[in-house]
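Notes to accompany the following structure.
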Amino acid sequence: MSADALYTVAIPKLVELDNLWLIVLFPFLGAVINGLLGRQLQAKFGKSIIHYIAIGMMLCSFAVAIIAFAQILTADDIAIVSQAFPMIDIGWLSVNFALYFDPLSVVLALIITGIGTLIHVYSTGYMKDDPAYWRFFCYLNLFIFSMLLLVLGDSFVLMFFGWEGVGLCSYLLIGFWYKDMKKATAGFKAFVVNRIGDFAFITGLFFLFWGLGGHWNQNNNYDVHSNRSYEAIPVASDATSVDRLTSQDNKELVSQMPSVVFRDIEKQMTLSVRSAETGAIQKPFADALTEQTVGGIPLVFLICFLFFLGACGKSAQIPLYVWLPDAMAGPTPVSALIHAATMVTAGIYMIVRLNFLFVLSPGVMTVIALVGACTALFAATIGMVQHDLKKVLAYSTISQLGFMFLGVGVGAWWAAVFHLLTHACFKACLFLGAGSVIHSMGFLKSHDKSDDTEDNSIQTEPTHASVEEKPSPTDPQDMRNMGGLGVIMSHTRRTYLIACLAIAGFPVAAGFYSKDEILWKAMSNGQTFIPGWILWSIGFVAAGCTSFYMFRSYYMVFYGAPPSEQCQKHAHESPRSMIHVLWVLAGASIVTAVLGLPHLITGVDAIFAQWLAPMTAPFVSTTGVASAAWLEGILIVASIGIAVIGWLIAKHFYHSTHASMEKRQQWYQQFRLVHHTLYNKYWIDELYQMTWVRGFKSLSHGVATVDKFVVGLVINGGSKKLGQAFHKFAQVLRLHQTGYVNNYAYGIAIGTVVLVLVAQAWF
């Protein structure tokens, strides 16, 4: 390395906090206690002791997160690291169990612990009659532990532990009622589909680790896969560079070795070398990575694309989204936990955490933006015609995740994370509101229609046998079995309406500001190979569909028809433990809007953008030509307009009973093929069943046949016969083991003579 060169790197100041690991320890302890002792505790003390343990641990975890958040909030540009114990120490590779708390991970930690605690409280009312109460709260705590490990781990190793942990917990929770084969199969489907993404994720990590295995040569250039140097590079902060480095003696060491620690990789990717003579700036690590190829494919493209496939699995994007609608088989609090606060956000978090890698590949950024936009529209169109209330919300989640991927694809990192935050609030409110309705409609399961002289107890809309099946009168999740519940469940209706306003994009709630910022960044971005107006157009249409299907669900559940006699007799508002949680989440869906008020309104950057700036500012995509303030204003008005149009169409078709049914009948007749296609979800599940599932089943049958006839008969049979032959040969040899020394001496003498004769004859 040349002495006249200045080395700079973009990293925050680090502060040690010894007790940060408690944030993940408390949920783990709750899972262990209820898992090992829960059955006995429940039998002896009742169910209350179970949720006291689970919720108590969640509150402790949330308190530690608040303390760490306060420390970051009151300091200037710092990150907190907590070293617990060493995990891997092999040669130059060292990995510790260390947690990393920075502006990004603090957002995720507060969402997970805060909303996770609310879901725990809600579950006390929803699951109160379930005999496996202790097992449910054990799984919930374990899920929170895994997700916290994923977002707080400072290395790929801990992230992968959490990554696989949430996959396991999703399997356990989705298939919680495992005695029902359909529910057990749904959990298995989620587990298997996610294995595809997990394989891509770990393969991308292997390629990254291999690609960074270079060294510095004597000419101050970075060579790849040569003799490695173990010396670290001293770097100093520089006013002309990213002014974020301030460590002891104004120095920081950048490892030249491959690493799995996020901070080390970020240092390597942001390391700049400026010549004191010419002023030229180079990024040796980043340049070396971008110049490598594997089979003619740029290595950085391959790494980022594989990471993105892993994110598609966890965050349910095309083509790996198919597990998420079936995840509705689990209890509704599980749906809220998976869809709002934990698992589905893992992919978004991972990409934003690795933004310093993804910006090196505009090709992958384009793929991410396009897949996100298409997923947003694709899932939204399916949600427009579904009748299962939880399925509508499931496709809504897939669609909203598509908006987040659109945001990260165009480099709008803070906008994507802000939408993650707002989505966690309003989607948790929607799912728990749906759970409140389903909880109230539970009487349908025991309703015997044979006792009724007329089929007037269930309100249904006209259907075509060739298009969709008629509703099951005992299904508490089918919106066609609902209607008029607003007069019975006023609190649930109001909170559900607030969440609908948020997700539909009305400016009274936070969802408008996060979604609109993503659409604006998509239009004005100059990084993707696809023009921004195309990405904006796809997202714009998806936003209109979102407004329609959400208000469709609102009117079908709470209006549409007067409540039936059975509903008036049995339906009821949910207990206070559930209602209070709904109001907290509804309030959060509104007040969080303050964090994302755009520059066009306030004259300064959004609070949330400033909060994430230390880790995202150096990696924001360049702005395209469409950056005028007047254009942004027009797009804001257009966003409000499309939300209003979607609402008015839904109200036109679903608000009242008789007129709406006639209008829907005309619509079905006119667009029969379109409705048939959307209702059957484009037959993607059937396509997968015919190709991948059937193919793997055929392969497994073939392998079983080979195992039975080739391995079982030929190899195992041949081995048995070979073993019998050796056994007989050994029995013959045993005759020569007489135990007499003289016989052994004669044998040695005869053998020696034979060897001499053979040697003479040979030579």
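Note that the numbering runs from 1 along the sequence shown for the chain.
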Do the non-hydrogen side-chain atoms of [X] and [Y] ever get within less than 4.5 Å of each other?
X      : Y      : answer
Leu430 : Met550 : yes
Phe143 : Ser170 : yes
Phe145 : Leu148 : no
Gln477 : Met441 : no
Leu519 : Ser639 : yes
Phe307 : Ile368 : no
Ile590 : Val508 : no
Leu370 : Val367 : no

Can you tell me how far the [atom1] atom of [X] sits from the [atom2] atom of [Y], to the nearest 0.5 Å?
X      : Y      : atom1 : atom2 : answer
Asp326 : Ile174 : CG    : CD1   : 8.5 Å
Cys425 : Ile503 : SG    : CD1   : 12.5 Å
Tyr654 : Phe551 : OH    : CZ    : 15.0 Å
Thr345 : Met404 : OG1   : CE    : 8.0 Å
Phe201 : Leu306 : CZ    : CG    : 11.0 Å
Cys312 : Asn194 : SG    : CG    : 11.0 Å

Report yes or no: is the cationic atom of Arg552 (NZ for Lys, CZ for Arg) under 6.0 Å from the centre of the six-membered ring of Phe653, at an angle within 45° of the ring normal?
no
Within 45° of the six-membered ring axis of Phe191 and under 6.0 Å from that ring's centre, is NZ or CZ of Arg195 located there?
yes
Donor-acceptor pair, side chain of Trp323 and main chain of Phe188, under 3.5 angstrom:
no
Is a side-chain N or O of Ser547 found less than 3.5 angstrom from the main chain of Ala643, in a donor-acceptor match?
yes
For the student: nearest non-hydrogen atoms of [X] and [Y], plus distance:
X      : Y      : value
Gly310 : Ala200 : N-CB, 4.1 Å
Ala336 : Ile119 : C-CD1, 3.8 Å
Ser315 : Phe405 : CB-CE1, 3.5 Å
Leu324 : Ile338 : CD1-CG2, 4.5 Å
Phe431 : Ala394 : CZ-N, 4.0 Å
Ala510 : Ala593 : CB-N, 3.4 Å

Going by the rule side chain to side chain contact (heavy atoms under 4.5 Å, CB included), which residues pair with Ile640 if we only count those two or more places apart in sequence or in a different chain?
Pro507, Phe512, Ile636, Val644
Mutual orientation of the aromatic rings belonging to [X] and [Y] [parallel < 30°, tilted 30-60°, perpendicular > 60°]:
X      : Y      : result
Trp583 : His491 : perpendicular
His387 : Tyr679 : tilted
His51  : Phe137 : tilted

Exceeds 12 heavy-atom contacts within 6.0 angstrom, atom CZ of Phe161:
no
Please check if atom OH in Tyr171 has more than 12 non-hydrogen atoms from other residues, nucleotides or ligands closer than 6.0 Å.
no
Give the intermediate values and the outcome of salt bridge (charged side-chain N to carboxylate O under 4.0 Å, His left out) for residues Lys521 and Asp516.
CA-CA 9 Å; Lys521 295 299 184 183; Asp516 193 68; over 6 Å; no
For side chain to side chain contact (heavy atoms under 4.5 Å, CB included), just list the numbers for Met127 and Tyr133, CA-CA rounded to whole Å, side-chain angles, deciding distance to a tenth of an Å, and then say yes or no.
CA-CA 7 Å; Met127 300 294 293; Tyr133 198 74; 4.2 Å; yes
Hydrogens and angles aside, do [X] and [Y] bring a side-chain donor and acceptor to less than 3.5 Å of each other?
X      : Y      : value
Tyr682 : Thr677 : no
Thr592 : Thr422 : no
Tyr688 : Trp683 : no

Under the side chain to side chain donor-acceptor pair (under 3.5 Å) definition, can you give me all pairs with a residue in residues 395-406, not counting sequence neighbours?
His339-Thr397, Ser396-Lys427, Ser396-Tyr549, Thr397-Lys427, Gln400-His419
Going through the checks in order, is the side chain to side chain contact (heavy atoms under 4.5 Å, CB included) test met by Leu406 and Leu535?
CA-CA 8 Å; Leu406 173 60; Leu535 298 173; 4.0 Å; yes
Qualifying residue for side-chain contact (heavy atoms from CB on, under 4.5 Å) with Tyr349, from Met159, Met147, Lys314
Met159
Testing Val408, Leu401, Val352, Ile111 for side-chain contact (heavy atoms from CB on, under 4.5 Å) with Leu420, which one passes?
Ile111
Does any pair with a residue in residues 379-406 pass salt bridge (Lys or Arg N to Asp or Glu O under 4.0 Å), and if so which ones, sequence neighbours excluded?
none
Listed partners of Phe558 passing ring-ring contact (aromatic ring centres under 6.0 Å, His included), at least two apart
Tyr496, Tyr554
I would like to know whether Tyr126 and Thr332 meet side-chain hydrogen bond (donor to acceptor under 3.5 Å, both in side chains); could you show each step before the answer?
CA-CA 8 Å; Tyr126 192 89; Thr332 299; 3.0 Å; yes
Under the side chain to side chain contact (heavy atoms under 4.5 Å, CB included) rule, what do Met350 and Trp163 come out as? Steps first, then yes or no, please.
CA-CA 10 Å; Met350 184 263 289; Trp163 193 272; 4.0 Å; yes
Worked verdict on Phe378 versus Tyr321 for ring pair (Phe, Tyr, Trp, His ring centres under 6.0 Å)
CA-CA 11 Å; Phe378 174 82; Tyr321 72 93; 5.4 Å; yes
Can you name the side-chain hydrogen bond (donor to acceptor under 3.5 Å, both in side chains) partners of Ser436, sequence neighbours left out?
Thr492, Ser574
In sequence, state the C-alpha distance, the side-chain angles, and the governing distance for His423 and Ser514, and then conclude on side chain to side chain contact (heavy atoms under 4.5 Å, CB included).
CA-CA 9 Å; His423 176 264; Ser514 56; over 6 Å; no
All salt bridge (charged side-chain N to carboxylate O under 4.0 Å, His left out) counterparts of Asp130, not counting sequence neighbours:
none
